[in-house]
Amino acid sequence: MGSTMRVVQLDFADAAFPASLVDAPVPDLPGPDWVRVDVAAGGICGSDLHLFNQATGPAQSLSGFVVLPMDLGHEIAGHVVEAGPTSGIAEGTAVAVDPVIACEARGIKPMCRHCANGRVSACHNFGSRVLTRGMGLGFTAGLGSGWADAVVAHRSMIHPLPVDLPVQNAALHEPLSIAIHGLMRTPPDNGDPVLIVGAGIIGLCAAAAVGALFPASPITILAKHDHQARAARALGAANVVMLADAGAHFDALADIVDTPVRGKGAGRMLARGFPYVVEAVGTESAVTDTLRLADGRGTVLLLGAAGISNVDLSPLWFKELSVVGSFCHASDNGTHSIDSALELLASNTLPPDLVITHTFPLDAYRDAVNVALDRGASAAIKVLLTP
Ligand SMILES: [Zn+2]
Ligand SMILES: [Zn+2]
């Protein structure tokens, strides 16, 4: 259509900040099954912050699935403003946009065996470079993104909002769906104590999802900051334990599951532990704590997007743990995790006022990222950009 829009690109063009707000062409619809969405809200994700924080940057093994410069922002909600003739979606519809660009969206036929079964999170063609060079919106270029005025999406990526869910709050679909899909990979037994390591947005989304899907399971959250602990309590966590220096939090966690702590100092481990532990931070120490706090033959779910890490793996074999990895969104048991997330948001399972702490206009993207990074001082949980 020839006009231009604004988009935040990770381009390393400015030594002072790795991303820039640039003008780019408004993307044309790649095909008749596609729609263009005017972005109402784009969330700043922990994985985005990993890109701005060298200490927890992603591993080079993912470099073949992203492009530079990269149009940032994969937590996307907005309104359809142009609908392709076979998209089946009416203009004006309020939608959440699945950032994953899998076989169907790329037009790859036949679809890979995972996509054919709804498991688009494990698509074989994320690195195919068919249609676009990156694995998804927020990790590619030329299609718009969540930190832009507009984005295009295939009908398979579009999830209309339930009535009464305000479009801005719908950007929370993305982290909540991450938690739901992760839990559905290997669900806890309803009633088993669940420990969530980390009370940022992913940990809080995991708490909301466990509370809704496994209501008999008492939730314990390990939190770093007071504002996170308050939010965890408001979400109904049975126990909130503060992260302490030199592993002192192990004593409080041991009391909750009535087990001794073995070892000394930096080498402490629970003798038994929690049968289901969700890792929601992504740092080396969080992954190590997660393994040491799990019960024998327990399940450990990694949601924190850890990269190359120096981690104590001895509890993994010593306690015969099962480690489950999880990525983005998928249909598990016939329901797409984004649709499950939207239903939970519509029923106020994750109250938006509790977690959307900051909202910035698009041109204040640098302030927004810095507020999200400096969450100890800013008390940020979820920061939104509203183009
Ligand atoms: Zn995200
Ligand atoms: Zn596929």
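Both counts, for ligands and for their atoms, begin at 1 and track the order of listing.
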Look at the aromatic rings of Phe52 and Phe17 and report parallel, tilted or perpendicular, splitting at 30° and 60°. tilted

Just say parallel, tilted or perpendicular for the rings of His336 and His159, cut-offs at 30° and 60°. tilted

Note: SG(Cys45)-the Zn ion (ligand 1)-OE1(Glu174) angle, rounded to 10 degrees, equals 160°

Report the protein N/O/S neighbours of the Zn ion (ligand 2) that fall below 2.8 Å; do not count waters. Cys103 SG, Cys112 SG, Cys115 SG, Cys123 SG

Other residues, nucleotides and ligands only: do more than 12 of their heavy atoms fall within 6.0 Å of CG on Asp23? yes

Whether over 12 other heavy atoms sit under 6.0 Å from Phe65 CZ: no

I'd like to check Phe139 versus Ile101 (side-chain heavy atoms, cut-off strictly below 4.5 Å). Are they in contact? no

Using only atom types and a distance under 3.5 Å, with no angle test, would you say the side chain of Glu343 pairs donor to acceptor with the backbone of Ala346? no

Which atom of Glu75 approaches the Zn ion (ligand 1) most closely (N/O/S): OE2

Is Ile202 reachable from Ile196 through a run of hydrophobic residues whose side-chain heavy atoms are each under 4.5 Å from the next? yes

